[in-house]
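Here is how names work: the chains are called A, B, and so on, in the same order as the sequence lines, proteins then strands, and each is numbered from 1. Owing to the predicted nature of the structure, the values given are computational and were not obtained by experimental measurement.
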There are 2 protein chains.
Amino acid sequence: MERRPTITDVARHAGVSKGLVSLALNDRPGVNADTRARIRSAADDIGWRPNAAARSLTSRRTSALGLVVTRDPSIIETDPFFAAFIAGLEAVLSERGQVLVLSVVPDADAEERTYRTLAGDGRVDGFIITDLRRADPRVALVAELGSVAVTLGEPDVPSPFPAVRREYEHGIDDLVHYLADLGHTRIAHVAGNDDMLHGHARREQFERTAEALGVRAVVTPTDFSPEAGASATEDLLGTDPRDRPTAIVYGNDPMAIAGMAVAQRLGFRVPDDVSISGLDGSQIGRHVYPALTTLDNDPAEWGRVVAATLLDLVDGKDPVDRTLTPARLIVRGSTGAPLRNPA
Amino acid sequence: MERRPTITDVARHAGVSKGLVSLALNDRPGVNADTRARIRSAADDIGWRPNAAARSLTSRRTSALGLVVTRDPSIIETDPFFAAFIAGLEAVLSERGQVLVLSVVPDADAEERTYRTLAGDGRVDGFIITDLRRADPRVALVAELGSVAVTLGEPDVPSPFPAVRREYEHGIDDLVHYLADLGHTRIAHVAGNDDMLHGHARREQFERTAEALGVRAVVTPTDFSPEAGASATEDLLGTDPRDRPTAIVYGNDPMAIAGMAVAQRLGFRVPDDVSISGLDGSQIGRHVYPALTTLDNDPAEWGRVVAATLLDLVDGKDPVDRTLTPARLIVRGSTGAPLRNPA
DNA sequence: TTGAAAGCGCTAACAA
DNA sequence: TTGTTAGCGCTTTCAA
């Protein structure tokens, strides 16, 4: 097996010193243009690529970003966010010669261990913190580890790190208004994990708007899993018809899909007997019947902006918060006016 | 900002040479038990962790595995396989101190570039090759790059690498038998990408079994996207009732869900007017109405076995192919006997 | 069983 | 503008 060419091989081929090769190939100033070109073609000729480990050892940069996803294995599969989010990250990372180190861990203990390992072993230059929780320990942990991060959303703890956020309040406001305008007076919210900041904020906004409109609101917190969405729906629809909600807003699309299935199995027509809405968007929501009303999110946009923000931070630029375009209400067939006489 | 402790710090604390620290902490023989214990506690005291780059430079091991996923961004989001697959990989990797470098790329060009970058820069010790295609160039590419890989399934090109496979043929056979036994005589298959080996193999097995049973089979190849599943379904159900299939088997669950929605929108009852089956399993399939008949796959099991196989290979053990438990038919509400007089 | 020294491939001083 | 020389933090000889 032939040895991979090193910078010394390039230097020999180009008839220069390896120090100069390093300068030339890293686009540093102070190299004669001809020499630079000669070095470059020598490198191409022998197919040289800088070794990441060697470079990292001196530059103290790994050119890698860490994403640690903490989700129960059964929930991660149905979460429509991550795949597109990662594709968005990747679009920026590959362009800038960076890689993504991904971990999927089952619980908070494994999560902390993974952060410590990734930072302690010097494997990544920074972290992407998703699914912020209340009093999230990860912000302080990353700081303690001497690393940096970007958070998706604004943490409720002091954070030295830039945040990327999307305005969701108006979207929820629009959604509840839209349902109230259709004539719904009892609207349930099968909320996501209330310990997660985004789940919590959406629930609060839902309650605020419902109260402002004089709509009767019932909130059931869950864990974002379709199972939980299904069982919450059974409870809601099993109540006395006079108390029963005529519209249900779910914390994410998979729960909404599961809830819609329960409603249909119990003989409720959607949307005539009960209107169903997701939150957070998804591709599959367009393809169920009836198609799911939801609030759009654009996971790929999240990914692109988060990656760019974190790379700038790692490059020593001043951290700047970024705000994405607000979530927009997408009305599809799963919501409509409530029928006077339910089946 | 305080400097991270190095092996020299540990050596000083323990009063030994750094060479000995290396031997002791890597469980190499020839170190006095007391000394080893002393070194270990010194390392713990000052919180030392070996730097991955430095270690990689001498050991020529990165302790990282590469996974390059080539999917159109719109399809990756709905694919139920990857999230759980990655969680399965991770379960093994974290236990063995390895990390996963993940890339999501849009097309074959970006794919090749990514393999070259990851291997050329010495960022990973080996690759995980999913979604094998016909005459897949990646097997030769990885070999050319001097790296190693594990393939999910058996490539149709000569491969020096171990393969992990799951027996799918019997499951498909069972599924078609099951449908034929219910009385279906016209069964369509909305197949996945026919350029992908698993999609192709499943289609062939479907056709073989259908022919053996004297069932009329119609096959539509697609790209695995829910959109394609939906439009294929419109075509199939728009035909003359005497030609119309009474059962449709989709290449994956998202397509089946989209197809079921189309059927329902067109006024077909599922399963009375048309039976719907997925393939490949998914969590969300349990939570649509009616729940989706499918063939189970266990992405997490794939992940665990693939990771273990690749790590063994990287460790220099002889490559051994592994075969997972066969895919099993899971009958749910979306399939049933065809009604004599369709609506 | 331990220490000393060399070197992995690169970057970054500093000289020339 | 270019060459020389030290390291970065670790593993691995080779001596002692």
* Salt-bridge present (A:E77, A:R71; N to O < 4.0 Å) -> no
* Please list, in 5' to 3' order, the outermost nucleotides of DNA chain C lying under 4.0 Å from any heavy atom of chain B. => C:dT1 to C:dG9
* To do: Have a look at B:S56 and say if it touches a base, only the backbone sugar-phosphate, or nothing, with a 4.0 Å heavy-atom cut-off.
  => nothing
* Structure fact -> Sorted by chain and number, sequence neighbours left out, side-chain contact (heavy atoms from CB on, under 4.5 Å) with A:S17 holds for A:L20
* Asked: What does nucleotides 6-16 of chain D look like as a protein-contact string, B for base, S for sugar-phosphate only, - for none, at under 4.0 angstrom between heavy atoms?
  -> -BBBBBB----
* To do: Could you tell me whether A:D315 and A:R96 make a salt bridge, using a distance below 4.0 angstrom between a side-chain N and a carboxylate O?
  => yes
* Under 3.5 Å donor-acceptor, A:R138 side chain and A:T130 backbone -> yes
* Asked: Checking B:R166 side chain against B:T325 main chain: does a donor-acceptor pair fall under 3.5 Å?
  -> yes
* **Residues A:R134 and A:D156 bridged, charged N to O under 4.0 Å** => no
* What pair of heavy atoms forms the shortest contact from B:G153 to B:L132, and how long is it? -> O-CD1, 3.4 Å
* So A:W302 and A:F81, would you call those rings parallel, tilted or perpendicular, with 30° and 60° as cut-offs? -> perpendicular
